[in-house]
Structures are given as C-alpha cells and as structure tokens.
There are 2 protein chains.
Amino acid sequence: MGVTIKDIAKHAGVSYSTVSKALRDSPLVKEPTKKKILAIAEEIGYQPNVAARSLVSKKSNTIGVIWPTIERVAHSALITRINQYLEDQGYTTLVSINRINTAVTTFNRFQVDAILLFEDTHSDYRFSSSVPVVSYGIASNQPEVPTIDANRREAMKEAVAYLHKLGHKEIIYIGEISEQDPLQADKIKGFKQGLMENNIPFSDEMLIPVPELEQYDGYIATKAMLDKEKKPSAIISSSYDCTKGILLAIKEYNLSIPGDISIISYDNVPQVEKLEYSITTVGVPLDTIAKEVTNILLDTIEGKQMDQSILLQPEINVAKSCRNLYS
Amino acid sequence: MGVTIKDIAKHAGVSYSTVSKALRDSPLVKEPTKKKILAIAEEIGYQPNVAARSLVSKKSNTIGVIWPTIERVAHSALITRINQYLEDQGYTTLVSINRINTAVTTFNRFQVDAILLFEDTHSDYRFSSSVPVVSYGIASNQPEVPTIDANRREAMKEAVAYLHKLGHKEIIYIGEISEQDPLQADKIKGFKQGLMENNIPFSDEMLIPVPELEQYDGYIATKAMLDKEKKPSAIISSSYDCTKGILLAIKEYNLSIPGDISIISYDNVPQVEKLEYSITTVGVPLDTIAKEVTNILLDTIEGKQMDQSILLQPEINVAKSCRNLYS
DNA sequence: TTGAAAGCGGTACCAC
DNA sequence: GTGGTACCGCTTTCAA
C-alpha cells in the first residue's frame, strides 16, 4: 500500500521523527535535510495518512458540510465559494448528502473539526455532536447551534423603501408564497412591513405567486400579470432566476425598463452583471456570506464563543432598472 | 472528548479487546457479555473513531464521490440514489466538490475504499490514485479507469425507430447542440443514425437548439418552432426538463398530444409519471444506473477486474404520447 | 470465552 | 539538530 514516513526515512537515511518534523516544516530541522526529505517525499509519492494524523493530533483539518437537499440548487454557488475560502485556510471540505442525523454521526466519527449545516426547512431533528456545528439558513431548533443567515426581511423592507422614495406606490412582489419555506415567508413579511412603514396599503393582488423560483416561473407569472388591466409601476422579484424570466416577459410585451416598469431583484449574485439590463438588486452579496460563514467556522474551531444568531445585513446595489417618478 | 472502547471496558468490567469484539459482533464473545457491552456503549454514547479503525483495518467503509460541478443539477438525483444503495451496504458516501486532482488527493489521504468520479466534460487532468476509481459519464482519459455510462446514442436510435414504426417521418429533435458536451453530441449522433437506418433524410432544420436543457429553454424553442409554417409530426426531447417546457408550449397552442403532435422524451426519471400527459420515454432508468454503479463500486473494492467501459442499455417506456399514423 | 499485547502511521516530547 | 519512544483508538492474533 501507501508510502509512509518510514519509507522516506529509509531513503533519506534519517530517523522517521525527523521526517515528520520536516514534513510539517518544523524549524527544528536544518534546511538541507528538510529539502532533501521533501524531495524524496515528492519523488516516491508520499501522501500523509489522515487517519494516523488525526488520531494523534485530534485534528483533521476537515470541515463537514451537511447538505441534504442537493437537488435544490439554491446553495451550490455559496458552498462552492465557502469551499474555496476554506481551502485557502488549509481546510478540506467534505460534503454529506445524508439526513442530518446520519451526517452528524458520520462527521463525528470522522472527527471533522467543525460541521456546517444547511437547512431549508424546519424539520424536527435533534442531534448531539461533540464537534461544533454552525448552521446556515433558518434558525436551528437546537438552541446551542449558532445560525448565520441573510436578513431577507430587511432586504425586502429596503427594496420597498427605495421604490417608495422614487415615488412608486403600485408595487408587486413576484415570488414563492409559501408557509412551508420560512426563507420565502420572511421575504414576504419584509415586503408587507416595508409597505406599512411607507404607508402603502397592502392588498393580496400585490403578491404574484410562482410555484418555484426558476426563470420559467417568473416568465409565466409576469406574462399573466401583464395581461391584466392594471399594471404595477414596479416589480420586486424574489430571486435572480425569477428575474431572468420577468425580464423576458417584459421584453416580449415591448415594455421598457425602467420607462414603463421598474424592477428590483433580490439576490446579490455576481451574475446580475451579465443580464441584458442593468438591474438594481438588494441582498447580501454571496461573497460576503461566504466569507462570514468561513470566519465563523474558523472561530468556532478555535473555541471562540459565538452569538446565537447572526443576521447579515443586505445591501442595495443601485443600477438603472428603477425610475424616479418625481423627476 | 469522545468515549472510547476503554471507557466501555471499564464500565463493563471486561478488557477492551473483548469490547472491540463485541462491537464488531464477533462470535467469540458470549451473548450475555455482548448484550451488556452493547447496552453500555449505547448508554454512554460511544461513537467509533474512524481514524483509529481505518488505521488498523485499512478499510474506511467510505466511498468518495467527486462531483466538481454541483452547480449543474443534472446528477444530483442519481447521486442521491447511489448514496442510498451504498448506505444499505454499510458504506458511507462523502462528496468532494473540488477539482478532480485535489479531490483524488483528499480521498487518497482519507483512505476511502473507492472513488466515484462524475465527469461532465473532457478535461485534461491526470491523476494517480492508490484507491480504485470508477467514472460515470464520458470515458475518462485515464485508460485504467473503468467508465459507466448510459448509451445515449442507442436511446436516440431507438426513439427514431419507434417513431418510424408508427409512421412518423417529420421528426425533430429539441436539445443542446453542442460540440463541447460529448453527452449531448452523442444523443445527436444517435438521432442522425436512427434517421439513416430508417431511410429518413436528415436536414439541419430537424435540430432545434436550446441553450440549456431547462424547462424554460424547451418552452421557448417549441414556441418558436410552432410559429413556423411547417410543423413536425413528432418531437424527440433530449431531457425531462425540456419536455416540461415543450408540453407547456404545445398546450398554449391548443394542440393535442398525440392527436396533433407526438412526443418522446429522453430520460427515464420517475418524475415523468407526474406530468400532465402520459409521456413515452427512452433512456436507462435512473434506478438501473444507480444499482449498476453501486455494484461496480463494490466489485471494484473487492478487487474484481472490471471491463474498461460499460454502456447501459436504454429502455423504451411506451405511454400515450405517440400516435400511430397507420391506424 | 476472555485478556494481553503488537502494531497501523503519525506527532510530540525528551534525551543526546 | 537529530533520534528514540510513548501513545492516539482500534483490530487482530495468540495465549491463558
């Protein structure tokens, strides 16, 4: 099987404890010796054995990500980035797609240094983990698990406030109207709250439901909406994909943005820049989330005490998709 | 930190080697002793330490899945199922979303028992792994890595043959027309070959390109196609998602299936049953693929020699979406 | 049927 | 600076 440090030691004519030090770049080994050992290691294809290393050092330099809903593409971009940041910090990311309890057990057995949990729904699990757990998304029902999330409610409030400042009163919201999904419900709460704070009366017609947050759904919903007598002056879209569909429908109806209709989109994913129009967005930039999550994971590993719940503040990214009705 | 077998041994008043045997359900331990040990283990929350175990047994009961393109949702359903089958066999699945080389290294360090590699494109990597690797998708450029894949070409040939048998001659293909993606290119080759074998002349208008294989793309492409003078008698859709869009467009034009137009879809995902129409499909059932991949992984672990390339044969699943023009 | 002990591949401490 | 060695948690002979 594999090459071990003892093999390297033999080749190099040194003891294997020296090899160990050299490989860990310890200052206790002379440069030439170190170089020689490293060269030999490379040459004979040495790969450190994680099992042995973490057995003694009680550290695996590995973060376990629990992502039971891989079929929902929502988090994949975020996970990709977090993975990148963790790699930069010398950590390896391993993903489990099992049920939460199974995954927690697996990662505990593997002695990962921390677990990052993605939750989409309020499920009724309970787990115990000797490894620290950090959760992204809705607040966990395990009070001891710190939760990080984007403040969706605030984002929507800001969107409404921004539109109101520009003179918009006929505002509609296109998104998933679901009680099941607390993430979506939160956005709607923010929308309503924003209306209230700006003295815009709410009515049910202001909520245009879509079955899912895909481009296609946004397209269909917008077309149906535009077929109606009364058109809004502004649309708040609840996701980037949705926005793509909305834009297409608007184009098909030969309406101009922001001339005929204004639009502001949730999600600060970098892709917005690739859209045909320059779209104003509101949300926590993906990269901000990724950095924040990474830092909190690393802090947690170092044993720092965390706040129970961290809500990341959204930012408005003003572009040219919202018309100022006062000017 | 964690509870070890020594803790259990103390509680049970036996030696820790007896505990080890009991936990592995060895026949060398008397039933009552075993029961007692198991009870204590459960009670004090014992979790075996994977590192220690795999260090000595050289087995981790873990399969590493390399899936660098999580953002492409295509494989997630398959991975979910494979994960399930492997779990049934006592294996844990760990996913890496890193670049292939990094992931192979990681999994080698972790001493997983086998690696399952998902490839989407012909990239020019090379890796060496002391752990056996099995690849799903296009043939790897590492000749020693066995590859499993669905025979897409054959599937498309069968689709054409089936339609031809029913009297169809104006057949179009809706899908991604990409040289980049060998999976898609293969389908088109099969389509053309099917036409040829059935003496239907091919023309470029028979290929309707879509930018991606999403529902939305199918919808738009079909609408554009239906706006034309000449309508085909049958459509071959290259993916399930695409089909959803196609159906919607057809519905919008008040055409009936299979009265006005026939349709056969690639992909034998179980979701087709949930569609509004009863759709004839062709492809290798997802479950067949999952089982096959699992078995090959397990065989590989046991050191059985594998064929270099395994192409899974597609099945036609006849429903009511194709009209018999002869009757 | 149970226990003692070697050793898997490393790390880290101690002595030289 | 380098080498010797105990030990991390567990499996697996081998002896009792």
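- For the OP1/OP2 pair of D/dT11 and a distance below 4.0 Å, the side-chain nitrogens and oxygens of B/S57 include no atom meeting the criterion.
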Please step through side-chain hydrogen bond (donor to acceptor under 3.5 Å, both in side chains) for the pair B/N98 and A/N83, ending with a clear verdict.
CA-CA 8 Å; B/N98 282 291; A/N83 177 51; 3.0 Å; yes

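- Side-chain atoms of A/K34 stay outside donor-acceptor range of the base of D/dG1, with no qualifying N/O pair under 3.5 Å.
- Checked against D/dC10, C/dA4, C/dG10, the side chain of B/K21 finds its nearest nucleotide in C/dA4.
- A donor-acceptor contact under 3.5 Å is formed by the side chain of A/S17 with the base of D/dG4.
- When distances run from any side-chain atom of A/V56 to the nucleotides C/dT11, D/dG3, C/dT2, the shortest one goes to C/dT11.
- Between B/T106 and B/R109, the side chains place no donor N or O within less than 3.5 Å of an acceptor N or O (distance only, hydrogens not considered).
- Residues B/I301 and B/Y91 form a side-chain contact, since some pair of their non-hydrogen atoms from C-beta on lies under 4.5 Å apart.
- A donor-acceptor distance shorter than 3.5 angstrom exists from the side chain of A/K36 to the backbone of A/A12, with no hydrogens or angles considered.
- One can place CZ of A/R24 at 18 Å from P of D/dT2, the figure rounded to the nearest angstrom.
- For the pair A/K30 and B/P48, nearest-nucleotide mapping onto DNA chain D gives the more 5' position to A/K30.
- One atom, CG of A/L55, and another, P of C/dG7, lie 17 Å apart when rounded to the nearest Å.
- Looking at the side chain of A/N49, the nearest of the listed nucleotides C/dG9, C/dT2, D/dT11 is C/dG9.
- The CD atom of B/Q111 sits 17 Å away from the P atom of D/dC10 (whole-angstrom rounding).
- Donor-acceptor pairing under 3.5 Å, judged by distance alone, is absent between the side chain of B/K58 and the base of C/dG9.
- Separating the CG atom of A/N108 from the C1' atom of D/dG9 is a distance of 16 Å, rounded to the nearest angstrom.
- Here the side chain of B/L28 is nearest to one of D/dT11, D/dA6, C/dT2, namely C/dT2.
- Between B/K10 atom NZ and C/dG3 atom P the separation is 15 Å, expressed in whole Å.
- Within the nucleic acid shown, B/T33 comes within 4.0 Å of sugar-phosphate atoms alone, with no base atom in reach, counting heavy atoms only.
- When each of A/N295, A/T294, A/D287 is checked for a side chain to side chain donor-acceptor pair (under 3.5 Å) with A/K291, only A/D287 meets the rule.
- Ranked by how close their nearest DNA chain C nucleotide is to the 5' end, A/K6 and B/V29 are led by B/V29.
- Comment: A/E87 engages B/R99 in a salt bridge, judged by a side-chain N to carboxylate O separation of less than 4.0 angstrom.
- When the C1' atom of D/dC8 is taken as reference, atom CZ of A/F110 falls 17 Å away, rounded to whole Å.
- Distance, A/K59 NZ to C/dG10 P: 18 Å, rounded to whole Å.
- For the pair B/R53 CZ and D/dT11 P, the interatomic distance rounds to 5 Å; values are reported in whole Å.
- Each of D/dT2, D/dC10, D/dG9 was ranked by its minimum atom distance to the side chain of B/Y16; first place goes to D/dC10.
- Here C/dG3 is the nucleotide among C/dG3, C/dG9, D/dG1 with the atom lying nearest to any side-chain atom of B/V14.
- Heavy atoms of A/T4 sit under 4.0 angstrom from primed sugar atoms or phosphate atoms, though from no base atom.
- Comparing D/dC10, C/dG10, D/dG9 against the side chain of A/Y46 picks out C/dG10 as the nearest.
- Relative to the side chain of B/S15, the nucleotides C/dA4, D/dG9, D/dG3 differ in distance, and C/dA4 lies closest.
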